[in-house]
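One structure is given below, encoded as structure tokens.
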Amino acid sequence: MSSNLIEHRGVVQRVDDGLAIVAMETAGCASCGQGSSCGIGKMAAGRPATLLTLPVGSDIHAGDLVSIALPESKLTLSAVLGYLFPAFAMIFGAWLGAALEGSDGATAFGAMVGFLLALAIARIVIALVPGLLPAPKLIPIASQTQVSQQEFHHEH
């Protein structure tokens, strides 16, 4: 089963107890072909690197250049569950509040209840279905690389 991966480069800052702290570059992923014209990459330019804590095997060490890969299909499912489902539930709740009561307050209350209910349902579904959320994988690119620390800086 072959699936497309969304990948970002990062540098392993340290490894402790099977967990790696990885500084991700602040640029677009180029997975969609937009490359340097990616709006997300332009917004992230110049910001401190994002630090991720990920489980690793014994083959990853501090200073390694890695690729952090997510399956595109799982990311799409997560986006639907995290963004579209709550938005539609909020719209449905607003419609239901307006249909039952007809006031602006009932419409706002219905939207709020729909949104919160969707978030609760999403959390329950994620807890009940293992593997639903994408688990990033670290893929070594180069060991003990001399990557510019300006590229992967992080402000504390």
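Fair warning: this is a prediction, and the values are worked out from it, not measured in the lab.
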In the single-linkage hydrophobic clustering (I, L, V, M, F, W, Y; side-chain heavy atoms under 4.5 Å), do Val113 and Phe115 co-cluster?
yes
Do Val15 and Val22 sit in the same hydrophobic cluster, where Ile, Leu, Val, Met, Phe, Trp and Tyr count as joined when their side-chain heavy atoms come under 4.5 Å apart?
yes
What do the steps show when you test Phe85 against Ile121 for side-chain contact (heavy atoms from CB on, under 4.5 Å), and what is the final call?
CA-CA 10 Å; Phe85 179 57; Ile121 290 170; 3.9 Å; yes
Do Asp64 and Val11 come close enough that some side-chain heavy atom pair is under 4.5 Å?
no
Under a 4.5 Å side-chain heavy-atom rule over Ile, Leu, Val, Met, Phe, Trp and Tyr, are Ile126 and Val129 clustered together?
yes
Carefully, step by step, assess Ile60 and Val12 under the rule side-chain contact (heavy atoms from CB on, under 4.5 Å).
CA-CA 8 Å; Ile60 305 278; Val12 177; 3.6 Å; yes
More than 12 foreign heavy atoms under 6.0 Å from CZ of Phe109: is that the case here?
no
If two hydrophobic side chains count as joined below 4.5 Å and joins carry through other members, does Met90 share a cluster with Trp95?
no
Run the side-chain contact (heavy atoms from CB on, under 4.5 Å) check on Arg9 and Val66 step by step: do they pass?
CA-CA 6 Å; Arg9 288 187 327 150; Val66 294; over 6 Å; no
Treating Ile, Leu, Val, Met, Phe, Trp and Tyr as nodes and any side-chain heavy-atom pair under 4.5 angstrom as an edge, say whether Phe88 and Leu117 lie in one connected cluster.
no
Determine the minimum heavy-atom distance between Val56 and Ala20, stating which atoms define it.
CG1-CB, 3.4 Å
Near Asp16 CG, under 6.0 Å, is it more than 12 heavy atoms from other residues, nucleotides or ligands?
yes
For the pair Leu19 and Leu54, evaluate side-chain contact (heavy atoms from CB on, under 4.5 Å) and give the outcome as yes or no after the intermediate values.
CA-CA 5 Å; Leu19 295 174; Leu54 301 168; over 6 Å; no
